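Please read the structure below before turning to the comments.
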Amino acid sequence: MTDEQLIARIDEVKQSHPDNLMARHFDADYYLGLDAPLQARLRKIIASGVQNENSSMGAYAMAPDDYAQFAPLLDAMIRDFHGIEAGTPIAQPHDWDTSAVTSDLGAIDAKLKQVSMRVRVARNVASFPLPGAMSKEQRVVFEDVAAAAFAKLAENPDFGGQYLSITPGSPYEIDAAEYQRRVAAHQMFKDMSGDKYLNVAGISGDWPYGRGMYVSEAEDFLVWVGEEDHLRIMSMQTGGDLNALFARLHDGLQILGDLLPAFAMSDKYGAIASCPTNLGAGMRCSLHMKLPHLTKSGTDLTRVTTEAKSRGLAVRGAGGEHSDAGSDGLVDVSPSARLGVSEMQIMRRLYDGAAALWALETV
Ligand code: ADP
Ligand code: MG
């Protein structure tokens with residue numbers, strides 16, 4: 001594609017898909033003003049959004065310093081997605097002290113003690129390229145680095161567990177049936193090789209090499225290796241106590257962080273992630289809520305999505321991003337903003353938003 005063709009294509013996407021944030025903020029003069037090596041880097045970053053016009057972000061970083069290097073474009077997209085107004089500097093506060101925040105969902109309604117809660121953070125190691133730019137060898141070497149850290153984590157009485165790999169020939173390899181069982185249990189990530197967004201970005205390359213998951217004995221602390229970010233570190237529980245959920249993640253993150261090479265972190269962007277949506281706290285904290293009334297038994301997410309959006313929440317289907325709701329109205333509700341908001345604020349948004357949605361569901 002020539003520069004003229006690229007610019008024309010992005011313009012076309014901007015008209016037909018105004019929610020594609022890359023197309024919305026792409027500035028041809030900025031692109032044309034870059035030297036050839038930088039233009040080539042930027043083309044790779046935006047390739048997924050150029051090809052997949054219905055992308056909501058439309059860009060993936062390939063290296064941690066892409067955010068600083070291409071700030072004139074990426075900052076505009078980041079402000080738009082995370083709701084950071086022009087004039088307010090982009091900056092990431094960290095605050096894990098959730099003790100002063102109301103956190104017991106069961107106090108809203110005893111039924112909410114049954115909801116499944118999940119909180120994950122995205123983390124990437126500074127010494128490797130981001131997943132979209134990794135070679136097959138780097139993916140496997142990174143998995144070895146992670147597996148060595150997990151071998152030490154397994155000795156910890158609170159976080160003991162096992163590493164499960166889907167890399168062919170790995171000493172930790174699990175079979176296809178075990179992998180499918182873990183996916184169905186919402187623990188392991190889905191096969192990425194059919195994902196058109198991740199394919200164009202190179203993130204799903206060399207599938208399934210370098211991919212796996214650590215799972216604690218109680219199956220409440222999990223770490224993905226080789227998905228959209230080097231690591232997705234998460235805690236999953238039922239019982240409605242968001243404070244306990246967060247504490248579990250925070251403890252595990254600190255212990256695991258000490259066992260791994262340094263994460264790519266920035267004062268401005270927080271945790272560096274492949275997708276600009278996941279910068280900052282890198283955190284997505286979600287509830288699996290049954291909302292049959294608001295979703296017309298899972299058949300129509302229009303109303304719930306609108307109500308959720310006005311409270312800063314996003315709605316996904318029961319199987320994660322790009323999936324459908326369950327017939328019982330089961331949906332995944334989580335705060336959208338992850339940058340410019342602390343961990344504690346994200347938890348508060350989820351609690352307040354869930355309480356409001358539940359009030360609408362049960363009127
Ligand atoms: P993310 O991108 O935040 O890591 P995805 O949308 O890709 O998450 O979903 C990953 C998996 O986690 C899916 O199986 C999804 O159903 C599951 N999941 C998400 N939130 C919850 C939750 N609160 N309880 C149980 N499973 C969940
Ligand atoms: Mg995902």
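Atoms within a ligand are numbered from 1 in the order they appear, just like the ligands themselves. Values in this document were obtained by computation on a predicted structure and should not be read as measured data. Worth knowing before you read on, the calculation uses all heavy atoms, side chains too, and leaves out hydrogens, waters and symmetry mates.
Remark: Ser216 pairs with Asp220 by the side-chain hydrogen bond (donor to acceptor under 3.5 Å, both in side chains) rule, at least two apart or across chains. Applying the side-chain hydrogen bond (donor to acceptor under 3.5 Å, both in side chains) test to Asp19 and every residue at least two apart in sequence or in another chain returns Arg24. Arg348 pairs by the salt bridge (Lys or Arg N to Asp or Glu O under 4.0 Å) definition with nothing, not counting sequence neighbours.
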Side chain to side chain donor-acceptor pair (under 3.5 Å) evaluation trace for Ser55 with Asn20: CA-CA 5 Å; Ser55 298; Asn20 179 319; 4.6 Å; no
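Two rings, from Tyr197 and His322, have their centers less than 6.0 Å apart.
Cation-pi contact between Arg248 and Trp96: absent, since separation from the ring centre below 6.0 Å together with deviation from the ring axis within 45° is not met.
Within 4.0 Å of ligand 1, protein heavy atoms come from Ser116, Met117, Arg118, Arg120, His186, Trp224, Arg232, Met236, Arg284, Ser286, Leu287, His288, Arg316, Ala318, Gly319, Gly320, Glu321, Asp332.
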